[in-house]
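Down below is the structure, laid out as structure tokens.
All chains are named by letter (A, B, ...) in the order of the sequence lines, taking the proteins before the strands, and each is independently numbered beginning at 1.
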Amino acid sequence: MTPSSFVGADSLVEGILQGNRRALSRGISHVEADTPTGRELLAQLYPRTGHAQVVGITGSAGAGKSTLVGAIAREQRKRGRTVGIVAVDPSSPFSHGAILGDRIRMQDLTADGGVFLRSMASRGNLGGLSESATGVADLLDAAGFDVVLIETVGAGQDEVEVANAAGTTVLVANPGGGDDVQSMKAGLMEVAQIMVVNKADLAGADTAVTQLRGLLAIADLGAWKPPILKAVARTAEGVPELIDAIDKHQAFIKSSEYAEEERRHHAERQLVAIARAILHREALSAARQSGALADLVSVVADRSRDPRSAAEELLAAVRREWAGR
Amino acid sequence: MVTTTEAPIRVLIAKPGLDGHDRGAKVVARALRDAGMEVIYTGIRQTPQMIAEAALQEDVQVVGLSILSGAHLELFPRVVEELKSRGIDDVLLFAGGIIPNDDIPAINAIGFKGVFGPGTDTNDIIEFVRGNAPART
């Protein structure tokens, strides 16, 4: 088989549905780069999704997310489930390059035919991360993986949106991370359905659990009460319990009274997030093309114009650009 | 439709075999990152199967192997074989580390377009990758 046998959306769709890993890999590149082929792939394959348990794993840098994702994947394999992984790392804002090192923590999984791991750089500047990462997760779902894990650094809006796209989101915290926990109040708490204090063999694990419990006590929660677990990802301690909790939440979101409403909420969040990403990209491109962006940047930079009114004028220019095409 | 900016070149940097010294591999990974590429670094002690499988899953255009143990004539052909058995015959291959000059023709012959020894200017590697990486749709 040569790579040229996977040119075009139809042959890629066929290959992906047949479980061909090269077709899947090439298809992911198309979705990631948002090519016409990538869009066609998603259009054709989305109706085939919905089988996988989609789990977002997020938390601050160094929290042990990659190690935990590896441990979850190994435990899921023991339970006979296949696992697709999307590991997102930030791109450099300067060079736009990235070093993607998640495979280092999951080397043993590379040899396992029941696991597919794809590293993704955030390619951050156009706000499309959630669009592409969830698209990649959709491809893994359509390819038939039982579990899809999306790993992101929980550091900004994009990452929160990625977490939002998952059915179940796991927040990874650490002992002694009091400041982390404080910052998590800002938004991540609301999107996590399960919290894990990783590196729980270090001093302060119980304190971290208590802090999280305190934050949850004052949060406005729905019918699901997020459990707070302890784990040592390095030794897989606590990982079976984590997977049990994920399964429990998955059963909860499929339960009758909750399912319909949450499916709609989930679909709405996803739709809005992707529409926002596209809008952002197209508006920015129109703003550049019209020349208004460069002009307004100059007047704001020399303080002859305030950024708020300049932004209004920029949007007016975008609307004119759109009306004229 | 808005044209998206061209996707960055994706490169796999891997260390086959048993030597555990990866400073060179990391220096190259960093240089390529700073040149705007997306570099997947696998860590040390990779088997040829693991390297080929990672190249497949990551859909890279370029695979760079770093080796210091002297086993390059054993391991490199096996990496190429594993890549081919997965249908991957369009990646740019290059190598670095301790590779005697006498061995370079044999390595070129199995498809490695570049071999970079100690003291190489990373700019030369960047230029080589940019100039030779196969285009992606």
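For R234(A), the CZ atom counts as loosely surrounded, since its 6.0 Å shell holds 12 or fewer non-hydrogen atoms of other residues, nucleotides or ligands. At most 12 heavy atoms of other shown residues, nucleotides or ligands fall within 6.0 angstrom of atom CG in L18(B). Around atom CZ of R81(A), more than 12 heavy atoms belonging to other residues, nucleotides or ligands sit under 6.0 Å away. Residue R77(A) qualifies as enclosed at atom CZ: its count of foreign heavy atoms under 6.0 Å is above 12.
Listed by sequence position, E38(B), V39(B), I40(B), Y41(B), T42(B), G43(B), I44(B), R45(B), Q46(B), M50(B), E53(B), A54(B), L56(B), Q57(B), E58(B), D59(B) are the residues of residues 38-63 of chain B in contact with chain A, using a 4.5 angstrom heavy-atom cutoff.
Of the charged side-chain nitrogens involved, at least one lies within less than 4.0 Å of a carboxylate oxygen, so that D90(B) and R22(A) count as a salt-bridged pair.
Only the side chain of S92(A) comes within contact range of chain B, with heavy atoms under 4.5 Å apart. Residue contact with chain A, scored on non-hydrogen atoms closer than 4.5 Å, involves the side chain of R10(B) exclusively. Contacts between E32(A) and chain B at a heavy-atom distance below 4.5 Å involve the side chain alone, from C-beta outward.
Listed by first then second residue, pairs satisfying ring-ring contact (aromatic ring centres under 6.0 Å, His included) with a partner in residues 49-87 of chain B read F76(B)-F112(B), not counting sequence neighbours. Contacts classified as salt bridge (Lys or Arg N to Asp or Glu O under 4.0 Å) and involving residues 11-24 of chain B (residues at least two apart or in different chains) are given here: K15(B)-D19(B), D22(B)-K26(B). Evaluation of the side chain to side chain donor-acceptor pair (under 3.5 Å) test over residues 120-132 of chain B, restricted to residues two or more places apart or in two chains, returns D121(B)-N123(B).
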